[in-house]
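Only one structure is covered here, and it is reproduced in the block below.
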Amino acid sequence: MPPLTPPKSGDALFSSVERVNAELFTLTYGAIVRQLLTDLEEVEEVNKQLDQMGYNIGTRLVDEFLAKSNVSRCVDFKETADTIAKLGFKMFLGVTATVTNWDAEGTTCSFVLEDNPLVDFVELPDTCQGLQYCNVLSGVIRGALEMVSMKTEVTWVRDMLRGDDAYEMRVKLTKQVPEEYPYKDDD
Amino acid sequence: MIVCVAVVGHQNNPLYLQSFTEADDALKLHHVVHCSLDVIDERVNNPKRNAPTLNETFLGLLYPTENYKVYGYLTNTKVKFLMVTTDLDVKDADARNFFRKFHAAYVDAVSNPFHVPGKKIASRSFGARVSTIVKSFGSGTTV
Amino acid sequence: MGREVAGSCLDGVVMEMVSAYCGRFYAAKPELAAGRIEAIGFQVGHQLSERYTMDRPRFTDHLEAIKFICKDFWSELFKKQIDNLKTNHRGTFVLQDNCFPWLTHVSLDPSMESTDATESDPALLGDTAAQTTSMLLYFPCGIIRGALTNLGIPCAVSADMSNLPACSFVVRIKT
Amino acid sequence: MEDYPEELRTPPVPLVSIVGCPELHASISAALSIQQPPMNTLALPDFSKANILSRTAKNRDPLAPPQAPSGILKKDWLLKHRTRVPAAVAALFRADQVSGDPAQWLQACSDLENLKSIIQGRHSKLVVILVQAQAGDELGEEVTVALRKRAEIDSKNLIVLVQNDETERNKSLLKLMSVFAELCSTYYKEEGRRIKARIEKRNFSSVELSVRYCFKVAVYAEFRRDWPEALKFYEEGIRVLREMIGTSTRLPPAQRLVEIKAVADQFHFKISTLLLHAGKVVEAITWFRKHIRSFERVIGSPEVAFLHWEWFSRQFLVFGELIETTSTTVPDTLSPRFGTADNALTEWEFQPAYYYQLAANYLREKRCALECSSSGANLTGDNGIPDSIMPSVYVGQYVRLFEQGDTISVLPLSDTEYTSYALSEAERFQDSYEIIALFRKAYESFQSLGGTRMASSCSAGMAIEYYAAGDFSNAKQLFDVVAGLYRQEGWTTLLWEILGYLRECSRKLNSLMDFISYSLEMAALPLFSDRVQSFSENKSKSGPAGWPTISRREDIQEEVVNILERKHTPEVVDGEFNLQLTEDNAHLDIDQISPLRIVLVASVAFHDQSVKPGSPLLVSVSLLSHLPSPVAVDQLEVQFNQPDCNFVMVSTEEGSSGLNSHFHGQVVQSTSLTLFSNKWMRLTHEIKSGQSGKLECLSVKAIINKRLVVCCQAESPASMEDFPLWKFEDQVETLPAKDAALAFSGQKLIQVEELDAQVDLVLDSNGPALVGELFVVPVTILSKGHAVHSGELKINLVDAKGGGLLMSPRETEESETHHVELIGVSTVAGDEVSKDEVDSIRKIQYSFGVVSVPTLGVGDSWSCKLEIKWHGAKSVMLYVSLGYSLDSSEDAALHRLNVHRSLQVEGKIPMIVGHQFLRPFRRAPLLLSRIRSSSGDDKKDSLAMNESNMLIVSARNCTEVPLRLHSMAIESDGDGMQLCSVEQISGISDEYAVVAPNAEYKGIFSVNPRAINPNFYLGEICVNWSRDLHLGENEDSHVIMKQRLPEVHIEEPPLLVSIECPPYAILGIPFTFYVKIHNSTSLLQEIKYSLVDSQNFVFSGAHNHAAFILPKTEHTFSHKLVPLGSGSQPLPRITVTSVRYSAALSPPTAATTVFVYPSEPKFNLEKSHSRSDECVS
């Protein structure tokens, strides 16, 4: 990829990728969560599994992302975060997140989602409060960032399913391996 | 005014039943709704009728009883919607319109991954949405 | 609502689900894993059929319902229709999709079986891949069964992927 | 419907009257009544009676506007017009009365005048009838005219009736009728028109009148059979009536309503009847809807509300009856789209049942309204019910008679008076039975219409009435059925109500177990909560149990617990009666179909599919209860089909106090056995089963609160269907077992394998078996720890390469074709077991046998020998299995133990027998068949006739063991003997020859054929052999092995070349050597002859020759030879070629060698010479 070509806009990006019926996606994810609940019984275990899945997905999505969006390597965490929020979310979920609440060191920030296709129709039953329904998302973020050698911890701070006004996940950069990105697209 | 709406599963089991009356005839409404299932059976699987309208989802007025009128609707998935009103004359169009909205609400409710098919609908948001639809009944406004 | 998301999200989730059940939970008991994947599909199919039959008159017979699955339902899901429908008129239908999207998309890269003990072994990798594919197919089977069951047609659905990427689903209606 | 007056129920019939000539009345009225439309006749024997036709009331001037009436409708008005107010009056005069005697004439005139004046007020029409005896007797024209003048009628209304002439009379009667008919219609028309005029002119003082007028007009129209008009005015009337409700003030409000409704009732009845009789069902029903709608709200003051509901209920009842009697059917035209815009009606509305059911409901309304009012009245306590209250002359009005002295005056009532009167009247009625009857009617027809839910709600209605009437057993019976439906369809709220009643019924009937089970079911019932319920605690509306709430459920459970613990329940305190737990514990059985499954269900799963006896075995017992509050189980008894596996778990809180002593099995202390609502209690326990076979968990018995024993049928998780009612509840599924595999596929039964046998079964065999011999396999049974009872050995021979039984597929029936054969079984000699017992071999087939084994004590042994014979080389699996039981008892016989052994035995061919033919010594016959069969397809040996050919038979031992060869011979069939002599040249010298493995024995035979035979059968080689065993040498171990010799070709050679030379030569000493060629044919034979040089000899004579040999002669060549080398030397090679047969012939080298001594040997030449000759010959 010649580094000159400018990065696509989020919308262009979204329209460029192959898309599928969101209902199918939403319902499928929902069904998975439900099945996990019945099989694993422990809510905590379910959260763990969702995060694990997310992580695996993230590790793969990042390649597609870098390949499709002509994003050249991001210099720092801040820029990466913005790219994910503006382009990443848009490209895959068709929604954009906003990045806020940077801490002083610039190693922790929040992704805030008003709209989240993952949770259409979803209503948490009383029996499984404590379930992090969207844990797959945090997993994806973690996995993706790890592929660009940023070790992070992602935690949910706001969840509309719990009656909050938005979805907010807190991303904390724990360790950054400098350079040597395993970019495919340089060759 | 609508005094009661109900969703009845394909085994004729109640999935949702909400009455909107201050009077304490809630139990009576259960009876009314339950009895109306007979009429639905009669209408839907009555061999002698093979009108083109046979498989229309809207079943119309099932029967008037005491001061209620019961309207029925049968989805493609053999789920029955019942609506009980005390209005003296109900416009066909209004009833149809009501059921259309109600159906949409129902579909979203059962799309909740935690809703188990064939089981009671416990969703609060569904309840809320239904009561708005009920309130808007008759008045041409759409929800 | 014509809302959409990137295909890779769906693929990712589905593949993760399959590998989770075949790899992490029930590696030892494939039949249990299959059961769960099918169950997940069943729920999805059940819900989707509720959606997509919303503003249409009730089906009068089985064939109508099956046709609905082949046409509208399938194109809602995959933006294409079933390519070929066969029946023996005694309750068995064969729905063939000459190029079933999920079989073409699905990447069977080893990282997916990351939790498998046998992952490193290249020889085994091949058939774990094939295994995964067949496991994956329990999902659409479940979807079809869920949809038909919800339309009042209890049935058993199995998939045949003898000639990829074509894939045919065999529906046997329980009488 | 019956309580309507007859005149109201039947269509009105015109009324006419006839006066005078009574003797004719019968025939006239008869004629009138039978004609269409019929007329009623009011017959007055003579004119003096005519006064009854006159108005009772004082004769008012009709034109004067009437003053406000005191009622709407007079009760008797309709009756009056049907019975006392004729539309036309006929005056009958006999002819002689009006002709001749003037006195009579005057009398007639005055009567006529009088009649005229009477009927004038009523506008009735007048007809005059002149009665003649005979048609013949003349009647003066002037008389009739005069009479007409008097009567002021026109001529057609004067009818002459001939009395005695049949035909004439009928004619005149017909005339009379038409006249009457015409007059009637005009009369009713005029009456109607008059009143209609008032309505139209609106000249009436009060609405009452307009209603009344409408009624009258309608009735007059009915008299004229003008139904549409009638309908029009009835409807008009009821409309006006409806308006009156607000406006009229004539009566106090309560009574006003009563009157209005009473009238409306009549109008409605008329209208519905007219419509239905006209077959206008749809209109009738639509009308009824309208009627109901317009009156349902006009209840009036609460204390008389019951009157309204009674009236209202009657409307439904009557309409239902009308529909039933007119037997209406649903018009097919509107069936398809019931209840939509294009047809507002619904199917039930065409069914009487629908109306009966509603009538019943409203009657219930009435009853409860009545209860309220009467209770209110009693509170006030005044029983000022005035006596002598009676219906007034007006419909729906009541008055009281007031007597003062001899004058009786009629006073109006105050509302309070009226109300209390009505109350007292109403209380005299028992509504329940009326209601039940209505519901039953409805129930039956709904049932027949297939409206099961409608029907069951009706029978619920019935049941509730029975309950109210205190007939609890009937009530219970009905409720039970209804409960069934609601259970099945999961309408828990309805079920709750019914169960509430059932619970009370069983309380009243004092049947404790029912009470407990109903209570438990209620307590475990899911709540179909919708949130209204906080304020609806009205028992009358939601049954005796009130509205289902979690707290109610808990209370009910509590109540049961109290009864069990013999505490005093509040119900007992209020003292209507006492539910006591009489026997010391209550027992409930719960199976898969019991409704109490939601109270307690037990799922039992073994962890393995099968287990060895006596080895530990894990079983999971999971219990689930939907009871709202925790249930403390004192003791849990798990029962299996093998009682010694049963075990009991006792919660330590309880200790083993409650444990029934007779229990044998293990007792486990478990910390806590408390069931929490909707949560599986999962227990895992280890048991041992000593018995092989099926082990199934039958039931789990839980003892709760010491006294309640709940016995649940155990269920396998695999085949457990979910709970009839709870399955519809939205709750996250939980599984009986944590382990998914167990939860989905766990089974409550398991196979216990049989314990392993402690008996040895030894098969040994010495090496491979040899085909043909009787191969013996010794079998030894050696008991080590198990006594063997009724044991039996099964022996089975199976092809080691598979292929099942050892038969060649083709001819299975012949024993020869079996490759291997089980010949028999014999015990080892010197065994203590008696012979006969061994011979009790039940069956021996070729490859299968069963042998019974004698009873053996521990440590004993027994053995036998299997004798097996191989017919071909084959490797065979020998399976021997010993089945036995531990002792001879019955149940031991049920599970036998089995020991299996198998042994592979090779079947080998003992020796390979071969043969070879040799030529006669130094004689070479020309055998043409050899030449011809140069193609070589048939390898048949050919022998020269009358020559002694050599046959060498070789037998090679191809086993690993040495074999004895007892004899070797050629056996040929009879004629073979004459045609060809075969004698053994060298045989077995000793009684047998031992042939070592791979060694070969040769036997030599000379064969002398005597006849030409293209294919001659020499016979077969018989080899008699046995194993070379030193011990027990018994004859039968000899095996004769036969092998057929191939057929040979015997022919006569045309030429025979024989060579003659001395038996030996000496180096350097010449000797002569002859070649004789004998021509045995009768032809001249040309031959060529050549001799090849050999370095060992020098010889004289020509190398090549040709010669002709005469038939039957012999040609001889001779050569002198000088040997050059010593030792055995081949003579120069000779080749004789027959030109005729173009066949070369040279004696084999073997036959043409001679031994050359280096020098003269020192032995008797003669002797050796003679011997060699001998052997040649």
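Lettering of chains follows the sequences in order, A, B, ..., and the numbering in each one begins at 1.
C/Glu4 and A/Asn21 share no donor-acceptor pair across their side chains, judged by distance under 3.5 Å alone. A donor and an acceptor atom, one from each side chain of A/Asn47 and A/Gln132, are nowhere located under 3.5 Å apart.
Two residues are said to be in side-chain contact when any heavy atoms from C-beta on lie closer than 4.5 Å; A/Trp156 and A/Cys134 meet this criterion. Side-chain contact check for A/Asp39 versus C/Tyr21: some heavy-atom pair is nearer than 4.5 Å.
Taking chain A as the reference chain and counting heavy-atom pairs below 4.5 Å, the highest number among C/Gly12, C/Cys9, C/Gly41 is found for C/Cys9. For the set C/Glu76, C/Met17, C/Gln43, the count of heavy-atom pairs under 4.5 angstrom toward chain A peaks at C/Gln43.
Heavy-atom distances place both the backbone and the side chain of A/Met53 under 4.5 Å from chain C. Only the side chain of A/Glu64 comes within contact range of chain C, judged by heavy atoms closer than 4.5 Å.
Ring-plane geometry between C/Phe78 and C/Phe100 is classed as perpendicular, the angle between the planes exceeding 60 degrees on a 0 to 90 degree scale with a lower cut at 30.
Ion pairing between a basic and an acidic side chain is recognised when a charged N comes within 4.0 Å of a carboxylate O; C/Arg56 and C/Asp72 show such pairing.
A centroid separation of less than 6.0 Å is found between the aromatic rings of A/Tyr29 and A/Tyr133.
Identified by a heavy-atom distance below 4.5 Å to chain C, the contributing residues of residues 92-111 of chain A are A/Phe92, A/Leu93, A/Val95, in residue-number order.
Side-chain atoms of C/Thr149 never come within 3.5 Å of backbone atoms of C/Pro154 as a donor-acceptor pair (strictly under, hydrogens ignored).
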